[in-house]
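Structure first, commentary second.
Quick note on labels: first sequence line is chain A, next is B, and so on, each numbered from 1.
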Amino acid sequence: MDWLTDKVSFAIAVLFYGISMVYSVFLWRKGFRQDNRVNYFLLLGAAVFHTTAMIKRGFSLERCPVNNLFEATMFVTWTMVATYLVLGIWSRLRFLGAFASPVLFCIGIFALMPGLDLRGTEPEFGGGLSSAHATFILLSYGAFGLSSIAGIMYVTQEHDLKYHKLRAVLSLLPPMERLEKVMKWLLISGFILLTIGLAQSPFLLKQKFNVYFTNDPKLIWSIIVWAIYLTLILMHARFAQTGRRFAWGAIGTFAFVLLTFWGINLLSPAHN
Amino acid sequence: MPIVVIGLSHHSSPVTIRERFAFAETIIPEALQKIRASGIAEEAVILSTCNRVEIYVSTNLKDRDASTALQNFLVEHHNYRDELNGEIYALSEPKSLEHLFKVAAGLDSMVLGETEILGQLKRAYDLALQHKHTGSRLNKAFQKAFNVAKQIRTETNIQRGSVSVGSVAVELAEKIFTSLSERQVMVIGAGETSEKTARALLSRGAHSILVSNRSHERAVALAAELDGRAVQFDEWVNEFPKIDIVISSTAAPHYVLDRAKLEPMMKFRKNRSLLLIDIAVPRDIEPEVNFLENVYLYNIDDLQAIADDYLKQRREEIARCEKIISDKVKGAFTVSNDMKYFPSPDSIATASQ
């Protein structure tokens with residue numbers, strides 16, 4: 001099984017995401033009318049190979065595999081699929097997978113691009129603190145990602161209900177209230193994880209640069225992302241910005257993260 | 001011993017005749033005893049609902065003799081003196097079994113695919129079983145019917161969806177709210193359809209009902225029936241912050257609720273989701289409110305369109321259901337070569353002869 005390297009395992013996982021994505025199109029065309037476990041098991045199969053890839057990479061590095069863009073991307077998508085597999089145990093949330101698989105496939109394809117998996121010298125931050133920092137932050141992005149997927153489900157269902165589409169009634173998508181609750185709790189979980197991850201930054205900066213704060217682009221960007229999610233949560237809790245606005249907020253913010261994460265990372269001296 | 005069925009249903013006779021042949025549950029055991037004591041049948045089950053009266057028997061007699069005897073019994077038991085013109089049908093195997101399976105699956109019901117009939121059939125069978133009026137033939141047939149109904153429910157969409165306006169409203173509510181148990185419903189205008197819709201919501205666990213009507217007495221009466229509370233017609237707006245579902249069916253010629261009125265009220269509700277069911281013609285609720293966030297407005301045409309679509313889907317499933325039934329009938333019982341279906345004989349058309 002020497003051929004089954006970490007990269008190959010991850011590629012097989014991405015292949016499963018692709019198959020799941022195609023299958024999801026059929027589910028969507030059928031209006032999500034029947035509880036279908038096939039997609040769940042496709043994503044479970046993908047998760048097995050995905051986890052294998054991460055374990056292999058981790059053992060080969062003898063540390064948590066969060067040291068370059070490829071590993072970071074792999075970690076974020078792993079968080080998303082792992083969280084989905086837990087939520088998908090409840091049949092009414094299982095269709096999250098149909099919405100998640102296209103996102104997972106696209107991010108996975110991106111991660112497999114050459115040039116992302118650069119293995120240079122030893123990471124400049126030593127010890128478990130660096131791994132913990134990266135892990136918490138990437139876990140948070142996984143939670144934000146799944147929250148945005150729940151948001152996509154929400155706006156889809158909301159559109160169908162508003163325009164009196166029959167599939168709104170026929171489908172087995174979860175009720176709007178439940179979707180909003182799932183979005184909220186995933187956002188809050190992600191926010192807590194992001195806060196913990198960011199809270200470790202000063203200590204890492206002290207270790208490397210002997211300062212507690214620097215105007216590193218990625219640090220600034222992370223604080224902005226943290227502030228946006230905090231605003232979203234407060235607007236939802238205190239100012240009754242619920243429903244469609246909340247969903248679009250979750251979708252838009254994660255889209256912003258997806259589109260800027262890798263570029264900002266390359267601009268960051270502290271992370272290169 | 002073939003299984004024979006005779007009876008009347010909404011297909012063959014109007015309610016004015018069906019009600020003359022209905023059996024009260026308390027007298028069914030005695031009627032079954034009479035059928036068996038008279039030698040017509042070894043085993044018997046009587047099914048009597050608002051849409052059908054049927055007697056299923058397993059008999060040693062020839063099919064035609066058994067059906068004649070059963071029809072005579074039916075007419076004499078209910079002392080029916082008027083003329084009959086084919087209202088009573090009679091079926092023998094395998095048609096009798098097909099009919100039983102179709103009845104169990106709701107394929108012969110007034111509302112295609114309805115599920116209440118299965119419970120009624122089970123009760124009828126249990127009653128006969130308790131009083132020892134069934135044997136191996138009817139036991140096997142009815143158990144098979146229940147299994148077929150379950151298979152059809154699982155493998156087809158014949159029972160999927162709601163075909164009445166009230167139950168469509170409930171489905172919509174369940175698409176928006178996780179649970180109806182904490183939901184407050186307001187009925188504005190105490191009409192028949194809004195009452196049915198409110199009842200449907202209550203049956204699925206809606207928390208409480210407020211009723212508001214121009215005639216406060218009517219509101220109080222309806223509220224009492226629904227175990228709710230009446231509200232003066234010019235004060236219903238004050239209750240809005242607590243309401244999750246509104247059913248409106250007033251006779252007002254203008255909009256009772258428009259966007260300008262609703263938008264500020266949503267703030268008091270902290271933008272919680274609101275389902276508006278407008279059953280009135282002319283409409284009570286301005287269509288523009290549907291574009292407010294977290295507000296979902298459905299009028300009578302929207303609900304009826306959904307109900308019609310569901311009915312259409314059920315009709316499309318009939319062929320699949322009939323295939324399942326046909327396979328089960330072939331597999332379970334031998335097919336008799338005798339005539340399978342025949343109308344009621346002329347000899348019992350006039351009971352006085």
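At a 4.5 Å heavy-atom cutoff, A:Glu180 makes no contact with chain B through either its backbone or its side chain. When heavy atoms are compared at a cutoff of 4.5 Å, B:Leu292 approaches chain A solely by way of its backbone atoms N, CA, C and O. Within the 4.5 angstrom heavy-atom criterion, no atom of A:Leu179 approaches chain B. Contacts of B:Asp302 with chain A are made by side-chain atoms alone, with heavy-atom separations under 4.5 Å and no backbone atom involved. For chain B, the nearby parts of A:Leu161 are the backbone and the side chain; heavy atoms of each come within less than 4.5 Å.
At least one donor-acceptor pair closer than 3.5 Å links the side chain of A:His164 to the backbone N or O of B:Leu297. Proximity of a side-chain donor or acceptor of B:Glu293 to a complementary backbone N or O of A:Gly243 within less than 3.5 Å is not detected.
The heavy-atom pair separating A:Val169 from B:Lys175 by the smallest distance is O-CE, 3.1 Å. Among all heavy-atom pairs drawn from A:Glu177 and B:Ser179, the shortest one is OE1-N, 4.4 Å. Of all heavy-atom pairs between A:Leu166 and B:Gln313, the closest is CD2-NE2, 3.9 Å. Closest non-hydrogen pair, A:Arg244 versus B:Phe291, comes out as NH2-O, 4.2 Å.
In this structure, B:Arg259 places its CZ atom where more than 12 heavy-atom neighbours from other residues, nucleotides or ligands lie under 6.0 Å away. For B:Lys196, the NZ atom is loosely surrounded, since the number of other residues' heavy atoms within 6.0 Å does not exceed 12. Atom CD of B:Glu239 is surrounded by more than 12 heavy atoms from other residues, nucleotides or ligands within 6.0 Å. Atom CG of B:Asp227 has 12 or fewer neighbouring heavy atoms from other residues, nucleotides or ligands inside a 6.0 Å radius. Summarising the local packing, CH2 of A:Trp28 is surrounded by 12 or fewer heavy atoms from other residues, nucleotides or ligands at distances under 6.0 Å.
Of residues 240-256 of chain B, not one residue has a non-hydrogen atom less than 4.5 Å from any non-hydrogen atom of chain A.
A:Met176 contributes atom CE, which lies 10.5 Å from atom CZ of B:Phe177 (distance to the nearest 0.5 angstrom). Atom NZ of A:Lys162 and atom CG of B:Asn294 lie 7.0 Å apart (nearest 0.5 Å).
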